[in-house]
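Notes for the one structure printed next.
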Amino acid sequence: MKFGVVVFPGSNCDHDCYYALSQVVGVETTLLWHQERDLKNCDAVVLPGGFSYGDYLRTGAIARFSPIMDSIRQFAQAGGLVLGICNGFQILLESGLLPGALLPNRSGHFICRFVYLRVENNRTPFTSLFQLGEVLKIPIAHNQGNFFASSTDIRSFLDNRQVVFRYCDSRGEVTEVSNPNGSLESIAGLTNCEGNVMGMMPHPERSAEEILGSTDGKKVFQSIVKWWEEKEIARK
Amino acid sequence: MPENNRKIALELGLQEEEYQKILTILGRTPTPTEIAMFSVEWSEHCGYPHSRKWFELFPREGNFAALVGEDAGGIVYQGTAIVFKMESHNHPSQVEPRQGAATGIGGIIRDILGSGARPIACLDSLHFGSLDDRRSRYLLKGVVDGIAFYGNCVGVPTVAGELCFHPSFQGNCLVNVMCLGVAPREALAPARAQGEGNLILYVGNKTGRDGIGGCSVLASQEFGEGEEKRPSVQIGDPFTEKCLIEATLEALESGYVLGIKDMGAAGLTCSSSEMAASGECGVEIDLNRVPVREENMEAWEIMMSESQERMLLCVDKEHEQQVIDIFHKWGLEAATIGRVITQDKVVIKQRGEVVAQIPAQALTQPPVYDPPQIKPAYLDEVNDARWRKIFPPSDWGEVLTKMVSSPNLSSRRWVYEQYDHMVQTNTVVLPGSGTVILRIKDEKWGIGVTSDCNPVYCYLDPYRGTQIAVAEAARNLASVGARPAGITDCLNFGNPQKPDRYWQFVQAIKGLAEAARFFGLPVVSGNVSFYNESPQGAVHPTPTIGMVGIIEDVNRAISSSFTQEGSWVILLGDTKEELGGSEYLQLMFGLEVGPPPEVNLETERKLQNLLLDLVSRGLLLSSLDLSEGGLALALVEGCVTGEQAMGVKVELESLGSMREDALLFGESCGRALVSVSPACLAQVQSICEKYEIPARVLGKTGGDKLVVEKSSRVLISTKVDKIARLWTDALSSLL
Amino acid sequence: MNFIGKVVVLLKEGVFDPQGVTIKNALHNLSFSQVSRVRTGKYFEVEFEADSESEAENQLKSMCQELLSNPVIEEYSFQVETE
């Protein structure tokens with residue numbers, strides 16, 4: 001299996017994702033330059049965090065016009081696996097690959113800290129190694145992670161089990177206090193209807209090694225690998 | 001004409017004798033552009049005329065291989081260069097806190113980038129007036145917002161620093177920023193031009209009329225009442241900076257870049273002349289080729305502009321296009337603006353005419369001054385130990401509550417959570433739980449980094465205060481297992497032409513030099529910021545010490561938090577009856593009197609070596625050096641900084657008989673609080689004996705209360721979750 | 001009387017506007033090559049009471065000077081309308 005990590009000007013977690021995938025998870029990984037159209041036969045694409053185009057205008061608003069996004073759109077429509085982390089999530093929303101929007105944090109400023117997440121759906125390619133209801137410790141680092149959508153949309157996300165992660169406390173309770181940014185329904189991660197595109201605000205690449213304080217993020221990447229390998233075996 | 005030019009020179013801040021010197025150097029009347037170039041290059045900010053003489057006192061070698069006086073300051077460990085530097089952005093931040101602080105971060109990152117190293121972490125040391133003051137709160141919020149805005153976007157984690165409030169910073173805040181970077185030793189790039197005919201390449205943002213004269217005018221004068229001297233403020237563009245970092249590192253890797261320097265203070269003047277001077281050659285620059293943002297810019301404006309996010313490169317003439325292509329790929333401007341010549345001169349042309357022609361060596365050798373010093377009269381008055389006559393309060397629990405929720409002692413979480421302190425995934429001990437440790441990917445070793453200074457100690461005794469800052473920074477690193485390796489400094493003082501201020505400065509330099517030499521620490525880089533004055537007077541002397549250490553096994557790194565119930569809590573080092581300069585006196589009695597605590601460098605060194613030994617053997621569960629707030633605050637930090645708050649019960653009788661406030665809140669140097677599992681206690685005690693450091697077992701961790709007793713009498717007994725809440729939320733609730 | 005103040009705050013002429021430059025470049029990439037400059041700023045609508053239109057203007061001016069704009073780097077313009 002091969003991963004591609006997209007590099008937009010202003011991405012700053014591209015190297016971190018590359019390291020976590022290639023060195024920690026140990027899967028073949030390549031960097032994809034935003035001006036190219038070739039996905040280099042990657043089986044999964046990661047849109048990393050950072051500040052593409054400085055977040056000028058709106059987060060993700062300019063990056064979505066990059067040539068590589070045309071290819072990623074086609075890839076996703078064909079069922080390809082796409083994971084957007086933080087700014088990558090924002091780009092997926094601006095591109096229409098995921099529904100909803102991210103508003104500025106309720107506190108009005110940037111927040112960098114470890115948070116807890118509860119796994120709401122473990123039947124996605126991104127969570128197949130987790131138990132339902134499992135509590136993960138993964139850090140956030142963002143200015144605009146306050147998930148917003150119309151109440152009808154939110155209802156349908158819940159009904160379709162598109163909500164994959166919700167912010168919770170260390171015991172797995174979803175409370176007002178455990179919601180770091182004001183996201184509706186404490187949504188921290190969301191897939192599209194088909195389940196092959198996921199966006200999440202927390203950073204799995206920052207919690208992929210014991211020395212960084214958690215290995216829960218590593219399992220997000222490993223889930224993708226497992227899901228893909230099982231599909232390959234089935235196909236053969 | 002000559003008379004008019006003399007007037008311009010004086011207006012730009014040059015002294016009469018400096019103007020005469022320029023006449024001698026040139027053998028003719030300088031042009032306006034030349035005057036502008038001399039004025040910025042010889043300004044306090046660039047040329048250090050009032051301080052340079054003293055730098056000779058600093059040690060340049062130490063326990064580790066050092067890079068000093070070369071193009072980048074740092075140390076070398078196992079073939080890796082660790083480059084670091086601290087700089088001030090005080091005056092720009094006082095005028096416009098958000099952009100002032102943001103461009104401070106941008107500038108120091110480029111400084112490190114210019115050495116060829118990848119920037120891996122930033123620190124910030126911030127000093128403001130009292131938090132009761134509206135303007136101070138505005139400045140604090142703006143500065144933190146600016147650092148977050150720039151640092152987060154550019155992808156360099158802001159991992160540590162200091163935040164201090166004191167009325168002396170009321171009209172003149174201090175914003176000191178530090179950056180460190182790493183590179184293979186052989187990949188460092190020189191800051192020089194070389195090889196006749198090679199090209200001078202300008203890369204990054206366009207040049208506008210930003211901060212013209214910023215460095216000389218802003219950093220070299222005091223703030224007047226109306227703060228009217230407002231040159232145009234520079235605006236930070238972290239997106240371009242991020243692209244500039246990636247493009248520059250890619251260009252350096254190509255091997256076609258022969259020299260590089262950031263365009264910081266004094267912009268093109270400083271970068272071009274210093275690259276020429278250190279390459280012992282000259283450069284010829286055509287200003288019509290400089291990418292400009294505004295029309296009709298005069299030569300002197302282009303030469304003085306401090307537009308941000310720009311670098312100057314010397315490029316192999318055969319490979320100009322390859323280098324330009326790299327910058328274009330990242331969407332950046334790249335223009336060949338000149339070439340290297342053999343003669344010792346900087347030639348500036350505009351519209352086909354030579355507008356400046358100055359010998360590079362002479363331009364980069366500003367005059368050196370040694371103004372008079374007088375020991376300030378206030379010193380005897382404030383060092384009378386009158387605190388001994390104070391009657392201590394009766395309720396220590398109440399005092400502790402007040403201390404933990406005070407602006408200077410409470411948690412800095414409100415600040416560091418606004419900074420991305422994890423990007424690059426190297427931060428293995430996070431801010432808020434002791435001294436930050438960074439790993440180096442694929443290496444066993446790691447880096448500890450800290451900054452330190454107590455301006456009140458330095459006000460009471462600049463020599464001793466500075467030594468304490470060095471000792472504390474070193475103790476800070478040693479307590480988590482990092483061997484102190486090198487120092488950078490940012491020396492913030494008042495007007496050097498006032499003899500009492502200058503005396504403080506020289507005392508601090510001497511204290512720093514002696515302590516650094518004693519500990520085997522080279523001073524690898526630094527910055528001096530004078531003229532930190534407002535109509536209320538000078539700021540307290542603030543020689544901020546930035547220190548970097550090496551931890552041999554990064555997996556051994558520990559934090560300050562108690563981690564195991566039932567572990568023994570041990571105080572290393574002696575507690576003396578010292579309260580001078582303490583936070584306790586200031587907060588509880590509004591008293592700022594000395595003398596500050598004694599510092600014994602020999603004892604400090606023994607304690608450092610002891611801590612390093614204990615951590616490397618894996619014998620400690622937690623470790624924290626004692627500083628402001630004394631033993632009581634160290635106990636609080638042990639209890640509340642972990643994932644779950646944990647109680648502790650201690651008995652202080654073994655510390656000897658003295659005032660209870662000195663026991664609890666005294667700030668004696670040379671101490672650390674460690675916790676040890678019962679199985680390791682005997683071994684730890686015998687190692688302490690070997691190092692001749694007293695180790696007093698105070699009590700055990702556990703429960704949900706912080707209990708302090710003396711001779712079985714309860715001094716403090718309080719729930720840790722209550723203390724944790726107060727400590728954590730204090731700062732944000734004060735805003 | 002109730003008024004609505006409509007305030008536009010822009011960076012002063014000559015002060016670098018990195019957002020504007022980046023957005024202009026993005027428009028060029030989308031083939032809007034006719035764009036020569038983009039300035040970014042902030043727009044506010046402030047609803048408030050005042051005795052007269054001239055007093056409303058004075059109040060709004062103070063708000064602009066004290067809070068809505070940063071006089072060091074920004075300039076403002078406004079209109080006052082009655083509700």
Side-chain angles (χ1 to χ4, degrees), chain A residues 6-14 32-38 47-74 84 86-97 101-105 107-110 142-144 146, chain C residues 2-49 59-79 83:
Chain A
V6 182
V7 182
F8 296 101
S11 294
N12 66 25
C13 303
D14 44 348
L32 302 170
W33 183 240
H34 71 115
Q35 278 180 331
E36 291 166 7
R37 291 178 185 276
D38 180 7
L47 306 188
F51 289 71
S52 56
Y53 293 93
D55 273 1
Y56 298 157
L57 188 57
R58 285 188 312 281
T59 57
I62 299 180
R64 78 170 166 115
F65 291 111
S66 293
I68 197 131
M69 287 308 295
D70 289 336
S71 313
I72 290 176
R73 208 170 283 115
Q74 288 165 18
C86 199
N87 193 235
F89 187 8
Q90 293 160 341
I91 296 168
L92 290 175
L93 293 168
E94 281 281 342
S95 329
L97 283 167
L102 288 156
L103 302 176
N105 296 343
S107 68
H109 35 72
F110 192 94
H142 59 247
N143 239 323
Q144 302 199 18
N146 178 355
Chain C
N2 293 328
F3 292 91
I4 302 179
K6 299 185 170 176
V7 182
V8 174
V9 175
L10 292 170
L11 288 166
K12 281 181 185 166
E13 284 290 347
V15 173
F16 180 39
D17 179 5
Q19 282 214 65
V21 172
T22 305
I23 294 165
K24 182 192 83 178
N25 292 342
L27 287 168
H28 284 181
N29 289 340
L30 292 173
S31 328
F32 295 102
S33 55
Q34 68 274 33
V35 175
S36 60
R37 185 181 177 198
V38 175
R39 288 177 82 183
T40 61
K42 294 178 192 130
Y43 173 74
F44 305 89
E45 288 192 4
V46 186
E47 296 177 25
F48 63 108
E49 272 180 43
Q59 284 187 18
L60 194 61
K61 196 170 166 191
S62 304
M63 294 180 217
C64 288
Q65 286 169 346
E66 284 175 39
L67 180 69
L68 300 181
S69 79
N70 178 347
V72 182
I73 49 175
E74 292 170 330
E75 61 190 27
Y76 61 86
S77 58
F78 62 76
Q79 279 170 264
E83 237 184 0

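Note that these values count all heavy atoms, side chains included, but never hydrogens, waters or copies made by symmetry. Chain letters run A, B, ... following the sequence lines, proteins first and then strands; every chain starts at 1.
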Fill in the blank from the handout: Turns out that what part of A:F65 lies under 4.5 Å from chain C's heavy atoms comes down to side chain
Problem - Structural part of A:I62 lying under 4.5 Å from a heavy atom of chain C - result: side chain
Handout entry: Side chain / backbone / both / neither for C:T40 at chain A, heavy atoms under 4.5 Å
Key = neither
Fill in the blank from the handout: Counting heavy-atom pairs under 4.5 angstrom with chain A, the leader among C:V38, C:T22, C:N25 is C:T22
Exercise for the section: Tell me, yes or no, whether the heavy-atom count around C:Y43 atom OH, taken from other residues, nucleotides or ligands under 6.0 Å, exceeds 12. Expected result: yes
Problem - Within 6.0 Å of NZ in C:K61, more than 12 heavy atoms from elsewhere - result: no
